Amino acid sequence: MSRQKILVTRSFFQDILTGLTDQFDTVIWPEKEPPPYRWVLNNIMDADGLITTLADKIDEQIITTGLQHKLQVISQIAVGFDNIAVNTATAHKLPIGHTPGVLTETTADFAWALIMASARRIVETHNEVQRHIWRAWGPEVLCGMDIYGATLGLIGFGRIGKAMARRAAGFNMKVLYYEPTRKPENEIIKNAQYATLEELLRGSDFVSLHAYLSPATTRIIGYKQLDLMKKTAFLINTARGAMIDHDALVNAVENHKIAGAALDVFGPEPIPQDHPLLKMSNVIITPHIASSTTVTRRRMAAMTVENILAGLDGKRLPYCANPEIYNEM
Ligand code: DGY
């Protein structure tokens with residue numbers, strides 16, 4: 001019997017991948033950049049399983065082409081799966097795996113680091129020291145913003161949003177949260193209070209995005225929303241770049257409508273090298289690394305392998321992004 005074939009769009013931890021390369025025929029894209037769309041489309045024609053990253057566009061054409069042949073499962077090494085045409089997959093009962101839960105605290109740690117770095121101007125001041133601009137201590141030199149006792153506004157209040165609220169308790173912060181669909185189970189969380197988006201934007205010193213990308217959250221921050229924010233407030237994004245209108249953000253920072261921003265995500269990634277945000281000393285940009293610790297990324301890789309193995313064996317995926325496909329089975 002011929003071995004099943006897995007298409008892998010990015011190589012990862014060799015010792016974890018070996019579990020697959022030993023048992024299956026694997027075709028692994030060897031470069032650091034994502035493979036061309038055409039490469040995925042050509043190779044999906046004889047693949048039983050597909051391992052993807054959030055940088056791959058897995059649209060209806062790739063899914064239906066795969067399904068016309070042998071495709072049984074897609075397993076993504078990320079919790080978010082907005083790059084995949086999930087509705088098409090669900091309509092055909094094709095399971096999509098993802099990696100929820102394991103990156104919650106790691107991502108919240110990083111969002112917190114961005115809050116601290118923005119408020120206390122850590123990147124900007126480091127750059128000044130490096131450029132020998134530091135002369136002496138002075139009472140007004142590079143004053144930042146207090147975090148302790150400030151108000152944190154969380155857009156999205158799922159696992160990561162709640163992990164942010166827990167951290168905020170240690171800093172004696174007031175926490176406001178907004179979610180497009182208000183959930184009764186969130187009302188009982190002690191240190192966080194529901195607010196409309198407008199109330200949150202008007203009242204927060206730090207606005208941090210923690211939602212899934214959906215039609216309701218795409219460009220949720222634009223000109224109108226930035227106008228509502230305090231002039232002293234910072235915008236933090238570790239979710240998805242498409243949630244922010246970046247032209248509006250440039251305008252807001254240039255015109256001092258907000259104090260600054262810290263973005264770990266952009267849309268599309270990477271941010272163009274000549275983008276005006278890269279020239280602003282009060283904007284921090286990092287390369288989509290909020291979940292990037294070795295422990296967490298290894299856990300994500302292991303879950304990705306568990307999902308693909310289950311799917312290829314015709315079993316229910318342990319971490320499934322579209323579990324509704326199992327409802328009528
Ligand atoms: C995800 O998993 O969706 C993050 O954006 C990357 O870890």
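All ligand and atom numbering here is 1-based and tracks the order in the structure. In this text the structure is predicted, and so the values were computed from the model without any measurement.
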Can you give each donor-acceptor pair under 3.5 Å made by side-chain atoms of residues 261-268, sequence neighbours left out, with the distance rounded to 0.1 Å?
| residue | atom | partner | partner atom | Å |
| --- | --- | --- | --- | --- |
| Asp264 | OD1 | Thr286 | OG1 | 2.7 |
| Asp264 | OD1 | His288 | N | 3.0 |
| Asp264 | OD1 | Ile289 | N | 2.9 |
| Asp264 | OD2 | Ile289 | N | 2.9 |
| Asp264 | OD2 | Ala290 | N | 2.9 |

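Listed by chain and residue number, Ser208 satisfy the side chain to side chain donor-acceptor pair (under 3.5 Å) test with His210 (two or more places apart in sequence, or in another chain). When the salt bridge (charged side-chain N to carboxylate O under 4.0 Å, His left out) test is applied to Glu187, the partners found at least two apart in sequence or on another chain are Arg182.
Look at Lys279 and Asp274 and you find no salt bridge, because none of the NZ, NE, NH1 or NH2 atoms lies under 4.0 Å from a carboxylate O.
The CG atom of Leu317 sits 7.5 Å away from atom CG of Asn322, with the distance rounded to the nearest 0.5 Å.
Residues lining ligand 1 at a heavy-atom distance below 4.0 Å are given as Leu54, Ala78, Val79, Gly80, Leu103, Arg240, His288, Ser291, Met300, ordered by chain and residue number.
The side-chain heavy atoms of Asp56 and Ile84, taken from C-beta on, include no pair separated by under 4.5 Å.
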